[in-house]
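Notes follow the structure.
We're numbering straight along the sequence, starting at 1.
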Amino acid sequence: MDMSLPVQTVRTTCPYCGVGCGVSATVKPGTIPIIAGDTAHAANKGRLCVKGAALGETLVLDGRLLYPQVRENGSMRRAGWDEALERVAGGFASIIAEHGPDAVALYVSGQLLTEDYYVANKFMKGYVGSANIDTNSRLCMSSSVAGHKRAFGEDLVPGAYEDFELADMIVLVGSNTAWCHPTLFQRILKAKEARPSLQVVAIDPRRTATCELADLHLPVKPGTDVWLFNGLLSYLARHGVKDSAFVAAHTEGLDMALATADADCGDPAQVARICRVDPAKLLAFYEGFAATRKVVSAYSQGVNQSSSGTDKVNAIINCHLLTGRIGHPGMGPFSLTGQPNAMGGREVGGLANMLAAHMDLDNPLQRDALRAFWEAPRIADKPGLKAVDLFRAVEEGSVKAVWIIATNPLVSLPDADQVRRALEKCELVVVSDIVGATDTTTHADVLLPALGWGEKDGTVTNSERCISRQRAFLPAPGEARADWWALCEVARRMGFSGFDYEDAHAIFDEHARLSGWRNGEGGAGRRVFDISGMSGMRRQDYDALEPIQWPVLRAADGTLQATARLFADGRFAHASGKARFVATAPRLPVHALDDEFPLALNTGRMRDQWHTMTRTGKSPRLANHAPEPLIDLHPNDALLCGVREGELARVTSRWGAMVARVTHGGGIARGSVFVPIHWSGQTASDARVGALVNPAVDPVSGEPEFKHTPVRIEPFVVEWHAFVLSRKALSLDSIANWTRIQGDGFVRYEMGGRGPVGADWARALLAADGEADWIDYEDGSAGAYRAAYLVDGRLQACVFVARRPQLPARDWLAGLFARESLGALDRATLLAGRAPQQGPDAGPTVCSCFGVGRNTICAAIRTHRLETTAQVTACVRAGGNCGSCVPEIGKLLALASCGEEAAQ
Ligand SMILES: Nc1nc2c(c(=O)[nH]1)N[C@H]1C(S)=C(S)[C@@H](COP(=O)(O)OP(=O)(O)OC[C@H]3O[C@@H](n4cnc5c(=O)[nH]c(N)nc54)[C@H](O)[C@@H]3O)O[C@H]1N2
Ligand SMILES: Nc1nc2c(c(=O)[nH]1)N[C@H]1C(S)=C(S)[C@@H](COP(=O)(O)OP(=O)(O)OC[C@H]3O[C@@H](n4cnc5c(=O)[nH]c(N)nc54)[C@H](O)[C@@H]3O)O[C@H]1N2
Ligand code: SF4
Ligand SMILES: [Mo]
């Protein structure tokens with residue numbers, strides 16, 4: 001980087017979750033950018049969670065895909081952009097010529113910017129002429145999209161984040177807000193501190209970190225939410241908690257919905273039995289909801305990712321319609337979006353059953369309007385394949401070319417081994433990514449290097465409809481280019497006009513104009529999504545755009561007018577202007593448990609990792625909270641399966657299997673298992689949970705049932721456990737099971753293996769050269785072996801092996817890698833694995849910002865008789881920065897106060 005460049009601060013938006021926090025990046029030439037929360041952004045007002053705070057560490061270029069590559073004679077080689085783009089354009093064109101437009105497909109992502117997404121959708125639906133473009137939002141928000149369309153007539157989120165602060169009750173359904181939308185959770189926490197009467201209800205089969213804040217936790221049986229909310233609807237109606245004027249003037253369909261609810265769910269005692277919750281707690285929830293007007297019901301993947309996901313969404317919305325609690329401050333149903341631009345993707349119609357700007361595929365007037373606006377040669381006139389079906393069609397051969405952009409389906413789709421088979425068979429696989437080696441890029445015939453966060457430029461929309469700029473503050477590395485650019489270049493090479501954009505601003509302008517195009521004219525229907533106020537902006541105004549909630553119109557005086565809340569006037573987007581109740585008949589998950597597969601596999605997220613870890617996995621700070629893949633289950637179930645905490649176990653379903661370490665997090669009911677989604681073939685030998693997940697989908701939305709797959713668990717037998725810390729990457733072919741963890745200046749491996757260990761084995765594994773200064777220690781009878789080697793006094797690698805997984809803590813050894821050379825004392829105690837006068841082991845990391853372990857916190861709580869999280873922070877700093885770990889500190893305090901040993 002040019003050292004003469006001035007220090008500059010750029011305001012941008014976090015690339016992770018749908019909260020959409022504003023970030024300020026200060027770039028000093030030659031150093032890593034300094035990342036902080038943007039105090040001027042309304043979503044976070046300066047707060048960042050631990051993932052946002054660690055963004056700087058993820059910007060290093062190791063592992064980045066920097067040049068286009070093409071497959072030749074079975075292996076990949078570097079190519080110029082021209083050659084790579086020709087391969088894509090030529091391949092797509094010839095397949096279309098021979099087999100028609102439905103033989104090609106795009107599979108894109110809610111992590112694209114709106115501008116990239118807009119171009120991808122225009123390319124497929126307007127020019128290729130097929131709706132075979134789907135997105136990972138199918139796996140994420142599509143049940144909410146479908147639920148919104150059924151209830152409101154359009155995919156609309158009525159409320160704003162501020163409503164969480166204005167509410168008197170917040171119901172969090174299937175949402176681990178504390179870990180997955182952390183800064184929003186911080187806002188709830190602060191609101192509750194200021195006003196303890198604010199009631200928080202958590203509905204989740206697991207006792208998550210989010211439940212620490214809740215006044216009431218309903219640990220529902222997985223998949224039974226429709227019973228719960230039908231039961232609520234029925235209860236409210238029976239107790240006269242109904243806004244009759246609102247229902248009469250602004251809704252339709254109540255009778256059917258209520259009859260359906262009454263039929264199965266009219267008796268709370270029966271509902272409590274089916275949902276497997278304490279009847280008193282269920283009634284407390286119903287009574288609380290009935291008595292409180294200002295209720296926000298926020299939901300996420302425990303609702304969406306289900307074979308009854310769309311019905312779950314509508315069952316929740318029904319309760320808000322009955323009580324007229326929508327469109328006003330402090331109330332409403334609220335879909336928490338996952339990805340940074342889940343919403344933007346929906347605005348541009350990125351799903352296979354939608355058109356751009358909230359137009360509908362099955363509305364001929366809107367199809368015509370769109371084609372005319374694009375001056376496109378054709379327009380898709382039937383829905384394309386949804387994600388799961390799309391990859392089936394690839395395997396069956398009806399789709400022959402697929403271009404995957406900003407998503408990692410080999411890890412994230414259900415029945416993920418099917419995706420591997422599909423890509424192996426596919427004639428042309430194009431992958432655009434920022435990382436060279438992912439489970440998906442390995443199957444590419446053409447690899448296109450994309451600009452990543454900090455390099456790309458455009459807009460995203462968060463959960464509350466707020467459009468924010470993501471701005472570049474770093475130069476493009478290597479030959480990486482924006483995703484929209486690659487799409488336009490391919491379109492141009494296929495002879496399509498209409499892709500000559502100069503920059504992201506030009507695309508945004510077209511997108512904004514389209515939203516107002518024939519909107520409400522000539523019987524085509526009025527679309528609420530209208531940001532035409534932002535069309536015609538100059539480039540410098542686009543660059544300076546402040547976060548703004550849509551719809552956005554321009555006032556007579558030229559200022560932009562944002563919309564905080566929708567439906568305040570009771571007008572909805574259905575032709576009738578009314579909202580619809582939807583009759584939701586409850587049903588159980590598609591695949592039932594049985595003797596062979598007696599446990600229900602639930603999958604989801606950990607606090608400090610993002611999806612398949614291609615970015616967060618680069619940060620040593622983020623690695624410590626959950627370094628290894630895990631299987632969280634109830635101790636009694638572990639006993640029945642013959643597996644033990646800390647040891648390895650195999651989880652098997654009808655679709656696949658994986659191996660990870662058993663843990664008892666304490667939050668799981670009997671009969672369920674939780675496994676995180678983050679590990680891939682790049683970070684672990686065998687921990688890709690997607691391979692196990694059943695491919696059942698919701699019949700309306702096509703969203704997979706990620707939260708419920710029947711599985712069984714059995715021991716994964718190894719003869720020894722080991723860890724290695726090494727400056728260089730190892731070849732692990734001979735190791736039965738391993739996980740790779742990024743350290744600061746080294747790589748850490750956790751392993752389980754079989755066969756003899758000893759000096760020869762260790763030298764080969766660590767690839768120690770003959771010159772190295774080798775030290776080792778063996779206790780054959782105990783099955784223990786330890787070795788390390790140094791070069792010029794500098795520690796290069798160490799390995800610790802034991803028969804049981806009880807091995808020294810890794811932190812002290814990790815610290816030695818920062819030293820230029822080791823002193824005699826450190827060297828002497830190296831193989832003991834701990835410093836000569838080291839205090840007690842800090843335990844697993846709770847606070848990633850300050851690196852504070854669980855044992856340290858528990859000791860402080862005991863010694864100083866601490867009672868509040870604020871006292872813990874004052875004492876040991878934990879929780880004092882981003883606050884993401886505050887719920888876990890709360891849990892340790894709760895355990896200490898009831899005298900339990902705070903060990904998990
Ligand atoms: N740290 C972190 N944060 C993230 C992400 C990440 O990868 N890491 N990803 C982002 C994305 S894309 C998304 S979509 C969001 C997801 O955010 P969340 O939906 O909050 O996260 P999940 O862990 O997938 O699942 C939420 C909860 O649903 C519960 N659940 C399972 N089955 C049921 C059920 O039948 N009923 C109910 N009521 N609950 C159930 C699970 O136990 C789990 O605690 O997170 C976003 N934020
Ligand atoms: N079992 C199970 N599976 C799940 C879920 C679950 O709860 N359980 N949740 C589902 C949900 S909600 C989601 S959202 C998905 C997420 O799943 P994925 O989308 O597959 O996961 P990511 O790791 O976010 O993949 C993004 C990819 O894009 C790359 N990338 C990052 N930025 C850019 C860019 O600007 N351009 C390009 N071209 N590439 C970029 C990254 O390196 C990475 O390879 O997982 C789904 N899968
Ligand atoms: S809560 Fe965290 S991950 Fe989500 S946008 Fe904010 S900083 Fe990023
Ligand atoms: Mo998601």
*Heavy atoms only: give me the nearest V313-Y299 pair and the separation to one decimal.*
CG1-OH, 3.6 Å
*side-chain contact (heavy atoms from CB on, under 4.5 Å) between Y16 and C21, worked out*: CA-CA 9 Å; Y16 299 128; C21 295; over 6 Å; no
*Please report the C-alpha distance between R654 and D594 in whole Å, then the side-chain angles of each, then the deciding distance to 0.1 Å, and finally whether the salt bridge (charged side-chain N to carboxylate O under 4.0 Å, His left out) criterion is met.*
CA-CA 12 Å; R654 283 194 182 85; D594 56 27; 2.6 Å; yes
*Test item: I317 and R150 side chains (from C-beta on) under 4.5 Å apart, heavy atoms*: no
*asked:* Is it the case that the side chain of K125 and the backbone of G349 share a donor-acceptor pair, with hydrogens and angles ignored and the cut-off at 3.5 Å?
replied: yes
*With D483, which of V108, D116, L451, I434 fulfils side chain to side chain contact (heavy atoms under 4.5 Å, CB included)?*
D116
*asked:* Quick check: closest heavy atoms across F391 and L423, and the distance to 0.1 Å?
replied: CE2-CD2, 4.0 Å
_Shortest non-hydrogen contact from G126 toward I379_ = CA-CD1, 4.3 Å
_Pairing of R138 and D389 as salt bridge, 4.0 angstrom limit_ = no
*Taking atom types as modelled, is there a side-chain donor on E510 or Y501 under 3.5 Å from an acceptor on the other?*
yes
*Between R587 and D311, is there a side-chain N and carboxylate O pair less than 4.0 Å apart?*
yes
_R371 side-chain N/O to A376 backbone N/O, donor-acceptor pair under 3.5 Å_ = yes
*Are any non-hydrogen side-chain atoms of V119 and I507 less than 4.5 angstrom apart?*
yes
*Determine whether the aromatic ring centres of F529 and H511 lie less than 6.0 Å apart.*
yes
_N341-T114 side chain donor-acceptor pair, cut-off 3.5 Å_ = yes
*To the nearest 0.5 Å, how far apart are CD in Q609 and CH2 in W179?*
11.5 Å
*Would you find a donor on one side and an acceptor on the other, under 3.5 Å apart, between the side chain of N121 and the backbone of V348?*
yes
*In terms of side-chain geometry, is the basic nitrogen of K382 or D102 positioned less than 4.0 Å from the acidic oxygen of its partner?*
yes
*Pick from T683, T58, T438, D439: which one makes a side chain to side chain contact (heavy atoms under 4.5 Å, CB included) with T614?*
T438
*State whether the side chain of D360 and the backbone N or O of D362 hold a donor-acceptor pair below 3.5 Å, judged by distance alone.*
no
*Would you say T441 and I404 make side-chain contact, with heavy atoms under 4.5 Å?*
no
*Indicate yes or no: at least one non-hydrogen side-chain atom of Q301 is less than 4.5 angstrom from one of E703.*
yes
*Taking side chain as C-beta onward, heavy atoms only, is D632 less than 4.5 Å from V675?*
no
*If you look at every heavy atom in S412 and T407, which pair is closest and at what distance?*
OG-OG1, 4.2 Å
*Using a strict 4.0 Å threshold on nitrogen-to-oxygen distance, state whether D445 and R87 make a salt bridge.*
no
*asked:* Please check this pair: side chain of N318 against backbone of V582, looking for a donor-acceptor N/O pair closer than 3.5 Å.
replied: yes
*Atom pair NZ/CZ of K122 and F496 - distance to nearest 0.5 Å*: 12.0 Å
*Check each of V689, I631, L599 against V711 using the side chain to side chain contact (heavy atoms under 4.5 Å, CB included) test, and report the only one that passes.*
L599
*Report the C-alpha separation of N304 and M141 in whole Å, then their side-chain angles, then the decisive distance to 0.1 Å, and conclude whether the side-chain contact (heavy atoms from CB on, under 4.5 Å) test is met.*
CA-CA 6 Å; N304 292 318; M141 306 315 305; 3.6 Å; yes
_So L113 and F508, do their side chains get closer than 4.5 Å, heavy atoms only?_
no
*May I ask you to decide whether E489 forms a salt bridge with R492, counting only side-chain N to carboxylate O separations under 4.0 Å?*
yes
*Which ring pair (Phe, Tyr, Trp, His ring centres under 6.0 Å) pairs, counting each pair once, include a residue from residues 395-447, with sequence neighbours left out?*
none
*side-chain hydrogen bond (donor to acceptor under 3.5 Å, both in side chains) evaluation trace for Y117 with T135*: CA-CA 10 Å; Y117 229 138; T135 135; 2.8 Å; yes
*Using atom types as modelled and distance alone, determine if a side-chain donor or acceptor of R605 lies under 3.5 Å from a backbone N or O of W610.*
no
*Please report the closest heavy-atom contact between L413 and L139, naming both atoms and the distance.*
CD2-CD2, 3.3 Å
*Between K400 (side chain) and V104 (backbone), is there a donor-acceptor pair under 3.5 Å?*
no
*Looking at OG1 of T709 and CG of L601, how far apart are the two atoms once the value is rounded to the nearest 0.5 Å?*
5.0 Å
*Is the backbone of E395 close enough, under 3.5 Å, to the side chain of R421 for a donor and an acceptor to pair up by distance?*
no
_Contact between M494 and Y127 at the side-chain level, heavy atoms closer than 4.5 Å - yes or no?_
no
*Verify, without hydrogens or angle tests, whether S398 (side chain) and V394 (backbone) share a donor-acceptor contact under 3.5 angstrom.*
no
*Given side-chain contact (heavy atoms from CB on, under 4.5 Å), test E347 with I531 step by step and report yes or no.*
CA-CA 10 Å; E347 291 152 21; I531 55 165; 5.7 Å; no
*Between atom CG of N132 and atom CE of M124, what is the distance when rounded to the nearest 0.5 Å?*
5.5 Å
_Walk me through whether F152 and V528 qualify under side-chain contact (heavy atoms from CB on, under 4.5 Å)._
CA-CA 10 Å; F152 308 141; V528 176; over 6 Å; no
*Begin with the C-alpha distance, continue with both residues' side-chain angles, and end with the deciding distance and a verdict on side-chain hydrogen bond (donor to acceptor under 3.5 Å, both in side chains) for S175 and T177.*
CA-CA 5 Å; S175 160; T177 329; 2.8 Å; yes
_Non-hydrogen side-chain atoms of H611 and Q339 separated by less than 4.5 Å_ = yes
_Distance, nearest 0.5 Å, that separates CH2 of W453 from CZ of R615_ = 10.0 Å
*Side chain N694, main chain W655, donor-acceptor under 3.5 Å*: no
*asked:* I need the minimum non-hydrogen distance between P414 and V388, along with the two atoms involved.
replied: CG-CG2, 3.9 Å
*Start with the C-alpha gap between N602 and S672, add the side-chain angles, then the distance that decides, and say whether side-chain hydrogen bond (donor to acceptor under 3.5 Å, both in side chains) holds.*
CA-CA 7 Å; N602 172 8; S672 285; over 6 Å; no
*asked:* Measuring from atom NZ of K425 to atom CZ of R420, what distance do you get when rounded to the nearest 0.5 angstrom?
replied: 14.5 Å
